[in-house]
Structures are given as structure tokens and as C-alpha cells.
Amino acid sequence: MELFTPDFGLVFWMFVAFGILFLALWKFAWPAILKGVDDRAEFIDKGVEYAQAAKEQLDNARTEAESYINEARRQQAEMLREAEKMQTQIIEQARSAAQVEAQKVMDNAKLQIQQQQKEAQQQFRNQVSNFAIEIAGKIVHNQLQSDNAQNALVDAMLDEIEKNN
């Protein structure tokens, strides 16, 4: 049973050793442990602050990205409207240019038709006058075969010229 009942001397030296150990730990180890715990707490606080700042930056970046996306969509819509306006304008210009060109072609065609009609009329008149001259020449030739008929024709022409003067 001696194991369970320690001596007074053993207890005393255990208390002395414990006191020395306690004083040594309190003087040297305890400040280092507290400093380590404080540093760790400060590191954790800084990490939390950094995480909060990162979260705020992420939220700001997300908001900024959404505003950029909205601005890009607005610009895209504006560019599409402008491109559509330009397309309509180009189509209208092409249509008006085609109408002007078609009108020029029609005017040229009408002018050519008129010129061809005038040329055809002139050719027709020339042919009719040639036929009339040939017919008149043949008639005069038949009538003027005799000398008396020739003299009568010359006298009639002279009388007519005298009347006109």
C-alpha cells in the first residue's frame, strides 16, 4: 500500500518542482504561447478582413461586369439599328438609282424610236416622191411625144409663172 500513500518529502519536492516548472513556464513559455495565440488570432482576423474585402471586390466586379455587359448589349442593339437604317438607306438609294437608270433607258429608247420613225417617214417620202417623179416622167413622156403637146405645155408653164409674179 505504500504505492498509494506517498511520503511527505515526496509530496514536498513534487510541489517545489511543480512551482519551479510553473514559474519557468509562466515567465518564458506563457508569453510566447500568448504571443503565438495573439498572432494566430490577428492572422485569422486579417484573413477574415481579406476575405470580406475580396467578397466586396468580387461583388463590385460582378456589378461592373453586368454594367459592361448591359452597355455592350445596348451598343450592339444600337449598332444593329444603325446597320438596319443603313441597309434601308442603301436599298432606297439602289432603288432610286435603278429607277433613274430605267428612266434613262426608256428615254433613250423613246428617242431612238422617234428617230427611227422620222428616218422611216423620210425614206417613205423619198420613195413616194421618187415614184411620183417616175410616174410623172412617164406620163409627161407619153404626153410630150408630139411637138404640139410640148409647145402647149411650155406655154402653160410660162402663163402660170407670169400669174405668180
Side-chain angles (χ1 to χ4, degrees), residues 1-139 164:
M1 269 293 253
E2 255 182 50
L3 283 173
F4 295 113
T5 57
D7 261 351
F8 175 76
L10 181 66
V11 173
F12 174 76
W13 286 114
M14 282 176 58
F15 273 118
V16 169
F18 179 75
I20 292 171
L21 181 65
F22 181 77
L23 288 174
L25 287 176
W26 185 57
K27 180 78 173 164
F28 299 110
W30 190 255
I33 292 172
L34 286 179
K35 185 177 184 302
V37 169
D38 287 342
D39 289 345
R40 180 73 177 156
E42 187 177 322
F43 180 73
I44 290 171
D45 289 341
K46 285 182 181 178
V48 169
E49 288 176 7
Y50 178 74
Q52 287 176 346
K55 183 181 181 276
E56 288 177 12
Q57 287 178 351
L58 180 63
D59 290 341
N60 290 339
R62 189 173 291 142
T63 305
E64 191 173 323
E66 287 176 7
S67 68
Y68 285 144
I69 289 171
N70 291 336
E71 179 67 21
R73 285 181 181 154
R74 186 190 63 75
Q75 287 179 353
Q76 179 187 18
E78 185 176 319
M79 286 178 175
L80 287 173
R81 280 192 301 271
E82 193 169 314
E84 192 173 311
K85 284 180 187 177
M86 288 177 67
Q87 176 188 7
T88 304
Q89 188 179 25
I90 289 171
I91 288 172
E92 286 300 319
Q93 286 176 350
R95 189 175 290 152
S96 65
Q99 287 176 348
V100 167
E101 191 64 30
Q103 187 63 38
K104 284 181 182 178
V105 169
M106 292 293 287
D107 290 343
N108 285 339
K110 285 180 184 178
L111 185 61
Q112 287 177 351
I113 289 171
Q114 288 174 353
Q115 288 175 349
Q116 288 175 355
Q117 284 178 342
K118 286 180 182 179
E119 288 175 7
Q121 287 175 352
Q122 187 63 36
Q123 287 176 354
F124 182 71
R125 285 182 185 157
N126 289 341
Q127 288 177 352
V128 168
S129 63
N130 287 338
F131 288 142
I133 290 173
E134 285 179 26
I135 292 172
K138 288 180 182 179
I139 291 174
N164 287 335

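- Here the CZ-CH2 distance, from Phe22 to Trp30, works out to 8.5 Å after rounding to the nearest 0.5 Å.
- Between the CG atom in Asp45 and the CZ atom in Arg40 there is a gap of 11.0 Å [rounded to 0.5 Å].
- Ion pairing between a basic and an acidic side chain is recognised when a charged N comes within 4.0 Å of a carboxylate O; Lys85 and Glu82 show no such pairing.
- Residue Lys46 holds its NZ atom at 4.5 Å from CD of Glu42, rounded to the nearest 0.5 Å.
- Inspection of the Gln103 and Asp107 side chains reveals an N or O donor paired with an N or O acceptor under 3.5 Å.
- To the nearest 0.5 Å, the span separating CZ on Arg73 from CD on Glu66 amounts to 9.5 Å.
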Exercise. Glu92 and Arg95: side-chain contact (heavy atoms from CB on, under 4.5 Å), yes or no, with the steps?
Worked result: CA-CA 5 Å; Glu92 286 300 319; Arg95 189 175 290 152; 3.0 Å; yes
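- Salt bridge present: Arg74 and Glu71 bring a charged side-chain N and a carboxylate O closer than 4.0 Å.
- Considering NZ of Lys55 and CZ of Arg62, their distance stands at 8.5 Å, rounded to 0.5 Å.
- Inter-residue side-chain proximity for Lys118 and Gln122 is flagged as unmet; no heavy-atom pair is nearer than 4.5 Å.
- Asp38 and Lys35 are not joined by a salt bridge, as no carboxylate oxygen comes within less than 4.0 angstrom of a charged side-chain nitrogen.
- Atom CD of Gln93 is surrounded by more than 12 heavy atoms from other residues, nucleotides or ligands within 6.0 Å.
- Separation of atoms CD (Gln115) and CD (Glu119) is listed at 6.5 Å; rounding is to 0.5 Å.
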